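So the structure is just underneath, and the comments pick up after that.
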There are 2 protein chains.
Amino acid sequence: MLLDEIDKKLLEYLQADSKKTTKELSNKLNLSVTAVYERVKKLEREAVINNYVALLNKEKIDKNFVVFCHVKLVQHTQDYVIKFEKEVANLNEVLECYHISGDYDYLLKVLVKDMAAYREFMVKKLTTINHIGSTQSMFVINEVKHTTTINF
Amino acid sequence: MLLDEIDKKLLEYLQADSKKTTKELSNKLNLSVTAVYERVKKLEREAVINNYVALLNKEKIDKNFVVFCHVKLVQHTQDYVIKFEKEVANLNEVLECYHISGDYDYLLKVLVKDMAAYREFMVKKLTTINHIGSTQSMFVINEVKHTTTINF
DNA sequence: ACTGAAATGTCAAGGCC
DNA sequence: GGCCTTGACATTTCAGT
């Protein structure tokens, strides 16, 4: 799907605040309510917009310990890879998992309450997955920037 | 703020789909529309819910190259640190930046169109920031999991 | 892409445990 | 304090043009 400048503006606004009404958007864009409505519907239909979500404040719900964890597998046969990916995706504490280039195979973003919970996660969940060779944890000292907004 | 089981359910639903109406939520929770409405307002007021956003499909907008980039500073005096963090936060391509423990100082999540764009980003933007000692790029081969939903 | 109108949703007021 | 019902108002959604 080809996006014109109005679509891009629209996506910019909706990425910042998806609760904006079509009326507000129509004012900002100098369009009618229906025109905006139909553009948004099209962006949803064409899956340019994946979904609408509420973002929570980690501190307020006592999950304020973020760790990036490198994982290396002992073997890289397809079965092991598929099994590992499936099992990791099922862990609630793992918000993100990437297969990456470099010294390690995977990079995981893990969110837990505190160091004790992370230890628990490592011992009882992550390292019980078979065929993990080694792991290396990098603890987040400070979150300098964190946005879900993609700029054009 | 203390969250009861109903609040947690509510947050679970809104994290998955923030467009759910209070009516739909009230049905799922066996509550009245107003009860749900007031709970949601309270969660917003107390900043448990930070904001509502539209999440886009990276592929559809031609930004499908994700790179995690480690950065080490040459010095760690406060001026340099503050300046680096400020300049990095201003780069559109940098979606996330974390100060982390370990061999490197920072971990950046960078989103661009392709390898050529990444090269451009490194040469013209990132490495023009002063006092960067070294960098190491890890390219994302596959995104195994990526969620913004925090489980309780 | 616009106007207009029905369906649906939001949100405040007042009252009940 | 949290829940409910009611009703006014705003928004969404969809014809028809």
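So you know, we letter chains A, B, ... as the sequences are listed, proteins then strands, and number each from 1. All values reported here derive from a predicted model rather than from experimental measurement.
- Hydrophobic clustering places B:I61 together with A:Y13 (ILVMFWY residues linked when any side-chain heavy atoms are closer than 4.5 Å, directly or through intermediates).
- No hydrogens or angles considered: nothing links the side chains of B:E85 and B:Y80 as a donor-acceptor pair under 3.5 Å.
- A straight line from NZ of A:K19 to C1' of D:dT11 spans 13 Å, rounded to a whole angstrom.
- Through direct or indirect side-chain contacts shorter than 4.5 Å among Ile, Leu, Val, Met, Phe, Trp and Tyr, B:M115 is connected to A:V144, B:F65, B:V67, B:V71, B:L73, B:V81, B:F84, B:V88, B:L91, B:V94, B:Y106, B:L108, B:V110, B:V112, B:Y118, B:F121, B:M122, B:L126, B:I129, B:I132, B:F139.
- Across the protein-nucleic acid pair, B:L43 atom CG and D:dG2 atom P stand 11 Å apart, rounded to whole Å.
- In 5' to 3' order, the nucleotides of DNA chain C bounding all contacts with chain A (an atom under 4.0 Å from a heavy atom) are C:dA1 to C:dG4.
- For A:Y98 and B:K109, the side-chain atoms include at least one donor-acceptor pair closer than 3.5 Å.
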For nucleotides 14-17 of chain D, which of its nitrogen or oxygen atoms have a protein nitrogen or oxygen under 3.5 Å away, and what is each distance?
unit_1, atom_1, unit_2, atom_2, d
D:dC14, OP2, A:Y37, OH, 2.9
D:dC14, N4, A:T34, OG1, 3.3

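- Across all strands shown, B:K42 has heavy atoms under 4.0 Å from sugar-phosphate atoms exclusively, and none from any base.
- A distance-only check finds a donor-acceptor pair linking the side chain of A:K63 to the backbone of B:N151 [under 3.5 Å].
- Considering every non-hydrogen atom in both A:K20 and A:E24, the closest pair reads CA-OE1, 3.5 Å.
- Checking B:D105 against B:H99 by side-chain atom types alone, no donor-acceptor pair falls below 3.5 Å.
- Near-neighbour residues of DNA chain D inside residues 5-17 of chain B, defined by a heavy atom below 4.0 Å, are absent.
- The local environment of CD in B:Q75 is crowded, with over 12 non-hydrogen atoms from other residues, nucleotides or ligands closer than 6.0 Å.
- B:L55 belongs to a hydrophobic cluster whose remaining members, ordered by chain and number, are A:V53, A:L55, B:V53; membership requires side-chain heavy atoms of ILVMFWY residues under 4.5 Å apart, directly or through intermediates.
- With a 4.5 Å cut-off between side-chain heavy atoms of Ile, Leu, Val, Met, Phe, Trp and Tyr, the cluster of B:I141 takes in none.
- Regarding A:K23, its NZ atom lies at a distance of 7 Å from the C1' atom of D:dA10, rounded to whole Å.
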